[in-house]
Amino acid sequence: MDLMKVVDKEYNVENKFPKFNSGDTITVHYKIKEGNKERIQQFRGVVLQRKGSGLSETFTVRKMSGNVGVERIFPITSPFIDKIEVTKHGKVRRARIFYLRELTGKKARIKEKKF
Amino acid sequence: MQGLIAKKVGMTSVFNEEGKNVPCTVIEAGPCVVTQIKTKEKDGYEAVQLGFEDKREKRTSKAMKGHFAKAAATPKRKLVEFTGFGEDVKLGDVLNVDLFHDDNWLDVRGISKGKGFQGVVKRYGFRGVGDATHGQHNRDRAPGSLGASSYPSRVFKGMRMAGRTGGVKVAAINLRVLKIIPEENLLILKGSVPGPNGSYLIITK
């Protein structure tokens with residue numbers, strides 16, 4: 001798959017965002033177009049997974065809106081992402097923490113990583 | 001038609017200027033060597049034979065070795081004839097992806113993925129019975145009637161039925177060229193092309 005990396009390079013997939021992984025709590029600032037106006041909205045939640053590589057990499061963020069879980073999938077190369085802030089590095093044992101979907105309240109907490 | 005032999009590398013997606021995520025296929029087109037020029041006088045028709053991708057000398061028959069030696073080329077794995085080059089090319093010339101540098105749309109031909117013996121739902125998009133109840137039993141994906149009764153008393157030729165699916169030559173016509181990377185002979189086209197990754201393709205203008 002070397003040639004795919006050449007393509008990634010050609011389209012300049014530089015990592016402009018801070019490092020984050022599953023279990024981290026992040027805030028995604030993303031641009032929304034309404035007619036001609038553009039405004040920035042935030043989506044704050046726990047990263048469930050990072051999927052794929054290169055140009056087609058995506059990440060899933062889950063947050064609780066009231067008592068309903070909301071998940072959003074962002075392509076990492078999306079031009080609509082303004083910035084990403086990492087609020088908390090979580091300590092998790094796996095790369096995909098789908099078990100979080102079944103948990104609510106106190107059980108859905110993730111321990112913070114201590115360096 | 002002028003064209004090149006190529007290889008499918010894989011698929012990915014890129015965001016365009018409008019901010020839309022566009023699916024695209026990465027193709028390694030060329031370098032192709034002109035291995036033979038066929039002429040009206042000698043062969044009865046005009047064409048240019050191109051060769052793509054080196055193969056081991058040990059795996060090449062003596063006859064083919066002689067054929068490649070005429071063009072002063074190394075043995076090639078895939079040979080395809082193209083027309084429309086005219087007087088532009090000579091024996092032994094190397095053609096690169098630059099051939100397409102001012103094209104916006106290209107046609108791609110290849111062998112589609114083989115699916116084996118498949119039913120009519122997958123093969124022809126029949127809808128099946130669509131009901132699990134109302135008297136249905138084990139006929140979820142059945143083709144239904146094959147025709148009328150005493151007239152014609154036979155099944156018409158070409159009636160769509162289950163059978164070998166895929167693995168045939170398929171053309172994807174008028175694919176938009178998104179980008180050309182001349183250094184690596186890469187061609188990025190919008191949409192999908194037939195066949196698995198690593199399969200040979202024929203790209204024409």
Side-chain angles (χ1 to χ4, degrees), chain A residues 1-18 20 26-43 47-62 70-84 95-96, chain B residues 4-32 52-54 77-78 96-98 100-101 103 106 108 110 175-193 195-201 203:
Chain A
M1 289 304 256
D2 272 344
L3 289 170
M4 288 310 266
K5 285 198 179 117
V6 174
V7 177
D8 291 348
K9 228 185 219 168
E10 188 72 21
Y11 279 97
N12 256 335
V13 203
E14 74 216 70
N15 207 346
K16 52 185 177 180
F17 305 124
F20 65 89
I26 64 171
T27 313
V28 183
H29 298 253
Y30 63 98
K31 296 173 211 160
I32 292 185
K33 255 192 189 155
E34 283 168 339
N36 290 334
K37 263 192 251 166
E38 213 180 56
R39 55 192 191 84
I40 285 174
Q41 216 168 64
Q42 293 164 4
F43 192 91
V47 180
L48 287 194
Q49 66 166 345
R50 294 185 68 145
K51 194 177 179 188
S53 64
L55 286 168
S56 49
E57 184 175 349
T58 61
F59 59 93
T60 308
V61 186
R62 178 186 173 86
V70 179
E71 282 179 24
R72 263 197 87 137
I73 302 169
F74 296 96
I76 207 148
T77 52
S78 169
F80 293 105
I81 300 181
D82 189 44
K83 62 173 174 179
I84 296 175
R96 292 171 184 197
Chain B
L4 287 180
I5 314 167
K7 205 173 188 184
K8 181 169 170 182
V9 176
M11 286 192 76
T12 182
S13 63
V14 294
F15 282 91
N16 65 6
E17 309 82 52
E18 292 161 34
K20 286 203 169 126
N21 203 355
V22 181
C24 58
T25 309
V26 182
I27 293 165
E28 188 186 4
C32 293
F52 178 61
E53 234 182 18
D54 285 338
R77 204 176 286 278
K78 183 88 180 161
N96 288 317
V97 75
D98 294 338
F100 305 127
H101 67 91
D103 291 291
L106 293 172
V108 178
L175 300 182
R176 179 114 218 181
V177 179
L178 295 180
K179 202 175 205 112
I180 290 174
I181 309 174
E183 302 88 57
E184 299 282 346
N185 277 314
L186 290 182
L187 187 64
I188 301 172
L189 299 179
K190 185 180 169 186
S192 57
V193 302
N197 291 350
S199 64
Y200 291 113
L201 302 168
I203 303 183

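Every chain is numbered from 1 and lettered A, B, ... according to where its sequence line falls, protein lines coming before strand lines.
For the pair M4(A) and M11(B), the tightest heavy-atom approach, listed with the atom from each and the gap, is CE-O, 3.3 Å. Here the shortest heavy-atom pairing between F80(A) and G19(B) reads CE1-O, 3.3 Å.
The line from OG of S56(A) to CG of N21(B) is 9.0 Å long, rounded to the nearest 0.5 Å. Residue C24(B) holds its SG atom at 6.0 Å from OH of Y11(A), rounded to the nearest 0.5 Å. How far CD of E10(A) is from CD1 of I188(B): 7.0 Å, rounded to the nearest 0.5 Å. A distance of 11.0 Å separates OG1 of T12(B) from CD of E57(A), quoted to the nearest 0.5 Å. Rounding to the nearest 0.5 Å gives a distance of 9.5 Å between CG of L3(A) and CG of N185(B). We find the NZ-CD distance between K5(A) and E184(B) to be 13.0 Å, quoted to the nearest 0.5 Å.
Within 6.0 Å of atom NZ in K31(A), more than 12 heavy atoms from other residues, nucleotides or ligands are found, so the atom counts as buried in its surroundings.
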